[in-house]
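Just the heavy atoms: all of them, side chains too, but no hydrogens, waters or symmetry mates, feed the values below.
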Amino acid sequence: MFYDEAKIYVKGGDGGNGIVAFRREKYVPRGGPNGGDGGRGGSVILEADAGLRTLVDFRYRAHYRAERGQHGQGKNKHGRSAPDLILRVPVGVVVRDATSGQVLADLVEDGQRVVVAAGGRGGRGNARFVTSTDRAPTFAEKGEPGEERWLVLELKLLADVGLIGLPNAGKSTLLARISAARPKIADYPFTTLTPNLGVVRLEDGDSFVVADIPGLIAGAHQGAGLGLKFLRHIERTRVLVHVLDTSQPGEEVLAGWRTVNDELAHYNPELARRPQVVAANKMDIPGGEEKVAFLRERLGDSYRIFPISAATGEGVQELLYHVSGLLATLPPPAPVTAPEEEKVTALAPEELTIEREGQVFIVKNPDVERRVAMTYLDNEEAVRRLQVYLKQKGVDDALRRAGAATGAIIRIGKFEFEYVEEP
């Protein structure tokens with residue numbers, strides 16, 4: 001089964017916790033702290049694999065979590081870092097953040113990787129907090145939480161040439177004629193329900209990849225027929241071969257040509273400007289020559305028209321060599337990037353915002369949220385250190401300006417506290 005879109009949840013592993021420990025050897029008075037650091041959590045990584053063709057693996061499993069780092073131990077033993085979780089996807093996948101729509105990566109090369117959820121760093125053990133004024137700290141840090149997000153994976157086939165046209169124009173028959181691909185072929189519309197790929201090899205040694213796209217109808221860019229689901233697979237192609245059914249009356253053939261090109265322009269105006277060759281198919285049926293003459297009269301100034309018969313092979317070689325020569329003059333497709341208005345700028349470390357929901361005040365700042373998550377809240381010394389940090393960060397002043405009073409609930413990340421005004 002061909003699946004070209006998936007939505008998945010990914011979470012990097014949390015860092016391991018640092019611990020509080022002290023030397024206990026006999027005859028070693030005041031041995032000092034020796035709590036080790038936690039290990040780093042594993043990251044979730046997407047890797048392009050040329051051996052994969054669809055996103056079917058993500059159809060039955062949507063949640064992926066990397067392992068957390070190992071906790072620190074006494075005697076300054078640091079925890080082991082967790083291995084990364086590598087998810088393999090087909091070449092040609094565009095990765096977007098499901099919330100913002102931001103393009104995170106366009107995986108167009110075999111082996112290309114992108115970290116989509118970084119693992120958290122390990123927390124520091126108490127041995128790391130020794131100072132000249134505190135020789136025996138009794139607190140440590142928890143591991144940093146790993147990143148988490150929902151992703152949308154969108155597969156756009158990597159093909160040099162796209163076969164486009166109305167349903168039943170003969171695209172699948174042409175693909176079967178020019179390559180080893182064996183798409184389903186039958187005499188009824190929408191026989192092709194999924195895109196098919198084939199490799200064309202010419203006698204001079206040149207080769208290129210052709211994609212057979214399911215037939216387009218009026219309204220395809222709005223979801224009519226199968227158009228909206230598969231128009232994306234044309235985006236990476238460099239040349240379009242427009243297959244026309246010359247067994248129809250001349251005006252109908254021309255109207256079909258206009259319909260398909262209108263849908264391309266509505267979906268993506270750049271597609272309408274892409275190099276396009278017309279393949280006047282079914283020349284083995286009587287009357288084909290008159291249709292070709294009609295098309296050349298109407299389109300000949302703008303498009304090269306090749307009379308062919310996909311069923312018998314007539315004229316196909318001339319079409320293929322022309323397409324091959326055209327490809328040699330064109331640059332490879334550019335990777336997909338996010339429009340400027342879609343790009344999301346991360347919250348600056350010094351920026352602090354307070355949102356209010358009734359008597360709940362929500363503090364938003366990445367550094368503050370991370371610091372709270374890494375604090376042992378059942379350790380008095382750790383909490384006292386956190387209070388000093390929050391005051392230095394300006395959180396107390398920001399809460400007072402927002403109207404927080406004693407008894408209000410303060411939410412920072414996943415944690416809630418009761419606010420107490422200073423006397």
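- Rounded to the nearest 0.5 Å, atoms CZ (Arg304) and CG (Leu299) are 14.5 Å apart.
- The minimum heavy-atom distance between Leu202 and Ser324, with the atom names listed, is CD1-CB, 3.6 Å.
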Test Glu147 against Lys11 for salt bridge (Lys or Arg N to Asp or Glu O under 4.0 Å), laying out the working first. CA-CA 6 Å; Glu147 292 182 341; Lys11 185 183 186 307; over 6 Å; no
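- Closest of all the heavy-atom pairs between Val10 and Ile8 is CG1-CD1, 4.0 Å.
- Contact detail for Leu166 and Lys171: the closest heavy-atom pair is O-NZ, 3.0 Å.
- Counting only distance, with no hydrogens or angles, the side chain of Arg149 and the backbone of Ala117 share no donor-acceptor pair below 3.5 Å.
- Remark: Glu203 CD is loosely packed, at most 12 non-hydrogen atoms of other residues, nucleotides or ligands lying under 6.0 Å away.
- No salt bridge links Lys291 with Glu289; every basic N to acidic carboxylate O contact stays at or beyond 4.0 Å.
- Relative ring orientation between Phe129 and Phe139 is described as tilted, the plane-to-plane angle lying within the 30° to 60° band.
- Under a cut-off of 6.0 angstrom, the local environment of CZ in Arg400 is crowded, with over 12 non-hydrogen atoms contributed by other residues, nucleotides or ligands.
- Residues Leu295 and Leu244 have side chains in contact (heavy-atom distance under 4.5 Å, counting atoms from C-beta outward).
- Atoms OG1 and CG, from Thr54 and Asp57 in turn, are 7.0 Å apart once rounded to the nearest 0.5 Å.
- In summary, of the residues considered (Leu163, Ile308, Val278, Ile164), a side-chain contact (heavy atoms from CB on, under 4.5 Å) with Val241 occurs for Leu163 alone.
- Scored by the salt bridge (Lys or Arg N to Asp or Glu O under 4.0 Å) test, Glu144 finds Arg370 as partners (sequence neighbours excluded).
- Atom CG of residue Asp206 and atom CG of residue Leu327 lie 9.5 Å apart, to the nearest 0.5 angstrom.
- Looking at Asp396 and Lys391, no side-chain N of the basic residue comes within less than 4.0 Å of a carboxylate O on the acidic one, giving no salt bridge.
- Within the 4.5 Å cutoff, the side chain of Leu153 has no heavy atoms near those of the Glu5 side chain.
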Could you walk me through whether Arg371 and Glu369 satisfy the salt bridge (Lys or Arg N to Asp or Glu O under 4.0 Å) test, starting with their C-alpha distance in whole Å, then the side-chain angles of each, then the deciding distance to 0.1 Å, before giving a yes or no? CA-CA 6 Å; Arg371 187 64 170 264; Glu369 294 173 26; over 6 Å; no
Leu377 vs Phe417, side chain to side chain contact (heavy atoms under 4.5 Å, CB included): CA-CA, chis, key distance, verdict: CA-CA 11 Å; Leu377 298 177; Phe417 309 88; 4.0 Å; yes
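- Inter-residue side-chain proximity for Val277 and Leu326 is flagged as met; some heavy-atom pair is nearer than 4.5 Å.
- Two residues are said to be in side-chain contact when any heavy atoms from C-beta on lie closer than 4.5 Å; Met283 and Val292 meet this criterion.
- Between Gln387 atom CD and Thr375 atom OG1 the span is 10.5 Å, to the nearest 0.5 Å.
- Scanning both residues, Val20 and Ala140, for their nearest heavy atoms gives CG2-N, 3.8 Å.
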Would Thr312 and Asp284 count as a side chain to side chain donor-acceptor pair (under 3.5 Å) here? Give the steps. CA-CA 7 Å; Thr312 66; Asp284 52 308; 5.4 Å; no
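- Qualifying salt bridge (Lys or Arg N to Asp or Glu O under 4.0 Å) partners for Arg128, counting only residues two or more places apart in sequence or in other chains: Asp37.
- Residues Lys282 and Gln248 fail the side-chain proximity criterion, which asks for heavy atoms closer than 4.5 Å.
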Tell me, with the steps shown, if Glu381 and Tyr376 meet side chain to side chain donor-acceptor pair (under 3.5 Å). CA-CA 9 Å; Glu381 188 173 351; Tyr376 282 97; over 6 Å; no
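- The CG atom of Asp97 sits 6.5 Å away from atom CD of Gln102, with the distance rounded to the nearest 0.5 Å.
- For the residue pair Gln112 / Asp106, no side-chain donor-acceptor distance below 3.5 Å is found, with atom types taken as modelled.
- The shortest non-hydrogen separation linking Asp84 to Ser43 is OD1-N, 2.9 Å.
- The backbone N or O of Ala98 lies less than 3.5 Å from no partner atom in the side chain of Arg96, so there is not a single donor-acceptor pair.
- For the residue pair Tyr9/Glu148, the side-chain donor-acceptor check at 3.5 Å is satisfied.
- Looking at Thr237 and Val161, their side chains never come closer than 4.5 Å, going by heavy atoms from C-beta outward.
- The number of heavy atoms from other shown groups lying within 6.0 Å of CD (Glu47) is above 12.
- Look at Arg274 and Glu235 and you find no salt bridge, because none of the NZ, NE, NH1 or NH2 atoms lies under 4.0 Å from a carboxylate O.
- Side-chain atoms of Leu85 and Arg65, non-hydrogen and from C-beta on, never get closer than 4.5 Å to each other.
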Between Asn365 and Thr353, does the side chain to side chain contact (heavy atoms under 4.5 Å, CB included) criterion hold? Intermediate values first, please. CA-CA 7 Å; Asn365 177 272; Thr353 60; over 6 Å; no
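- In this structure, Arg298 and Tyr303 have side chains that are not in contact, with every pair of non-hydrogen atoms separated by 4.5 Å or more.
- Across Ala211 and Ala159, no two heavy atoms sit closer than the pair CB-CB, 3.7 Å.
- The closest donor-acceptor contact from the side chain of Arg68 to the backbone of Gly15 lies under 3.5 Å.
- Between atom OH of residue Tyr321 and atom CG of residue Asp204 there is a gap of 4.5 Å, rounded to the nearest 0.5 Å.
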